[in-house]
Amino acid sequence: MIQWKNLDELVSFERLKELKNEVDLKAVLSGAGAADRVAEYQIPIAAGLVWNYAARQVDDKVLEALGNLAAEAQLQEKYQALYNGEMINTGEKRLVLHQLTRGQLGDPVKADGVDKRKFYEEQRERIADFADRVHSGEITNGAGEPFTSVCQIGIGGSDLGPRAMYIALHNWAAQTGNLLMDAHFISNVDPDDPAGVLSEIDPAHTIFILVSKSGTTLETLTNEAFVKKALISRGLNPADHMIAVTSETSPLAKDSGYLAAFFMDDYIGGRYSSTSAVGGAVLSLAFGPEVFARFLSGAAAADKAATEPDLLKNAAMLDACIGVYERNVQGCRATAVLPYSQALSRFPAHLQQLDMESNGKSVNRFGEPVNYPTGPVLFGEPGTNGQHSFYQLLHQGTDIIPLQFVGFRESQLATDVEIQGSTSQQKLGANVAAQIVAFACGKEDSDNNKAFAGGRPSSIITGDRLTPESLGALLSHFENKVMFQGFLWNLNSFDQEGVQLGKTLSKKVLAGQTDGALQAYAGLLGI
């Protein structure tokens, strides 16, 4: 029977706290056995990705304690309960089914009188058929001309994930002949956002995707109105250019103002929706349904890997456990995601929402305050740009911030140049290797300004090349890591009440129902 306990109620957590200073990272990575440690401390994820944690502050004792923690917290049982359709989202009393959009891990899940796996497959097939008809020229604009670009209108999870995935695969698709339509994104209610995008595209040959599960998202509907006005001003009928991704019960579901509507449901949170119709429509139009299917297969393979009960063979679960050790035992307040791949330039932004919206909670899944730190601040930037930005603080700042690197052995475009005896890709890889060792081992110097204390932990995910499959596996790894950490902290990682208060107050401002500080600040902005 599953028991939901706070982290500080677990006996194994008390043992873990005794091991706070167990590992001298500088010593283990500068000693004679360092190379053997790097070779040993790694776990395959899926789709050719491998997670290496040799530069994290763990050894056999810590790993044994983490194994006991995972077992006592019943991490595998809770993961199984999630994908078998138990009501895991306690705040909103909902199932959590994003894994079903890419594969069936457990028993068939019935909800709302339907088999949910079949429902998601049906929506993917409908999207694939629509995309194929657009690409073949069967579906055209009002003048009978083909569509050449697609633009997604959404915010939060309806933008960050799909945008990051599109950017990640754009160069690969261009190099392999899979770039079928350019994609653009409108998210910010700031009018400069839609105006800027519209100035860069040809609206007459663009399909616009409106993404709103409820059909009532204020920012998204405002941007839709902005786009519709622009279409009408050009003599175009918006109904010839727009499709919707929404729920079957939303006001958009049967609106004749759309070419088509594709459905998701309340069991998929926005930040977990990239493998649903939210990402499926734009990625299938941009790259083709076959590429989207490959992306899903990578995610499904990593989901399957996360079912492994042995902690030392389960990358997502061990990554989560070490993260909790760093947060709750070693006192680390932030973590950085550092992809050494320009294609992943927006991936950290997606992970910010995934992680901080999921586990940025101070009450447990029963609404009771917790007495320990939960989700860390997450930030990141692609290397090597980040090295010339915030790495100064990472190396010599007063806070120790665990780091998650991502690196590939080959570039996406398979083009390179040799300068001073090495290629650009080799220089990129050399920077990753150097940073890992520099953070761990540091450097002694009589001048304190030039001394590096070291002892700064990191891990790295490596692969041959960023492809649809490896991108799907990378996404799934972090989704599952976040969920496992939520289980350890006894949080509900699937609601986001923290974003609601601001929405409520902004509606009061727009309705003129303000006084005091709210009225004063609104006045500063001319409202």
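Note that the coordinates shown come from a computational prediction; the quantities given were computed from them, not determined experimentally.
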- Query: Would you say the side-chain atoms of N480 and S476 include a donor-acceptor pair closer than 3.5 Å?
  - Reply: yes

Nearest heavy-atom contact between N188 and N223 is O-ND2, 3.1 Å

Item to complete: Please find out if less than 6.0 Å separates the ring center of Y79 from that of F484.
Response: yes

Without swapping roles, check the side chain of N328 against the backbone of P373 for a donor-acceptor pair under 3.5 Å.
yes

Next on the checklist: With a 4.5 Å cut-off on side-chain heavy atoms, are M264 and Q123 touching?
Outcome noted: no

**Item:** Y372, OH: over 12 other non-hydrogen atoms inside 6.0 angstrom
**Value:** yes

Discussion item. When you measure from the centre of the six-membered ring of F226, is the NZ or CZ of K229 closer than 6.0 Å and no more than 45° off the axis?
Written reply: no

Main-chain N/O of A315 paired to D319 side chain as donor or acceptor, under 3.5 Å: no

Inset, instruction - Decide yes or no for L283 and P162: does some side-chain heavy atom of the first lie under 4.5 Å from some side-chain heavy atom of the second? - result: no

Might you work through the salt bridge (charged side-chain N to carboxylate O under 4.0 Å, His left out) test for E122 and R126, ending with a clear yes or no?
CA-CA 6 Å; E122 179 185 90; R126 291 182 62 233; 5.8 Å; no

Do the ring planes of H241 and F147 sit parallel (below 30°), tilted (30 to 60°) or perpendicular (above 60°)?
-> perpendicular

* Going by heavy atoms in the side chains, are E248 and F119 under 4.5 Å from each other? -> yes

Could you tell me whether the side chain of N364 and the main chain of F366 form a donor-acceptor pair under 3.5 Å?
yes

* To do: On the 0 to 90° scale, with breaks at 30° and 60°, tag the F295-F292 ring pair as parallel, tilted or perpendicular.
  => tilted

- Query: Is there a donor-acceptor pair closer than 3.5 Å between any side-chain N or O of T246 and the backbone N or O of S212?
  - Reply: yes

key: Donor-acceptor under 3.5 Å (S358 side chain, L354 main chain)   = yes

**Asked** Any side-chain heavy atom of Y340 within less than 4.5 Å of one from Q387?
**Response** yes

- prompt: Would you call L218 and V189 a side-chain contact if the rule is heavy atoms closer than 4.5 Å?
  reply: no

Between A320 and L488 the two heavy atoms that sit nearest each other are O-CD1, 4.3 Å

Does Q104 use its side chain to pair, donor to acceptor, with the backbone of D107 at less than 3.5 Å? yes

Point to revise | Exam field: side chain Q74 to backbone Q3, donor-acceptor pair closer than 3.5 Å | key: yes

Practice problem: Without swapping roles, check the side chain of R124 against the backbone of G280 for a donor-acceptor pair under 3.5 Å. | Solution: no

On a heavy-atom basis, the closest approach of A261 and A253 is CB-O, 3.7 Å

Report yes if the distance between the aromatic ring centroids of F494 and Y272 is under 6.0 Å, otherwise no.
-> yes

Given the options Q500, K361, R365, D495 meets side chain to side chain donor-acceptor pair (under 3.5 Å) only with K361

Exercise for the section: Kindly determine whether D115 and K110 satisfy side chain to side chain contact (heavy atoms under 4.5 Å, CB included), including the steps that lead there. Expected result: CA-CA 5 Å; D115 182 316; K110 295 287 183 70; 3.9 Å; yes

Does R346, at its CZ atom, have more than 12 non-hydrogen atoms belonging to other residues, nucleotides or ligands within less than 6.0 Å?
no

**Message:** Within the 4.5 Å heavy-atom criterion, are E368 and V363 side-chain neighbours or not?
**Reply:** no

Task: Backbone N/O of A239 and side chain of N237: donor-acceptor pair under 3.5 Å - done: yes

(request) Tell me, with the steps shown, if E326 and R56 meet salt bridge (charged side-chain N to carboxylate O under 4.0 Å, His left out). (result) CA-CA 9 Å; E326 290 166 340; R56 303 287 278 270; 2.8 Å; yes

Of all heavy-atom pairs linking S493 and V482, the shortest is OG-O, 4.3 Å

**Message:** Under a 3.5 Å distance rule, please check whether Q404 uses its side chain to pair with a backbone N or O of S459 as donor and acceptor.
**Reply:** yes

* Test the K228-Y258 pair against the cation-pi criterion, namely NZ or CZ under 6.0 angstrom from the six-membered ring centroid and within 45° of the ring axis. => yes

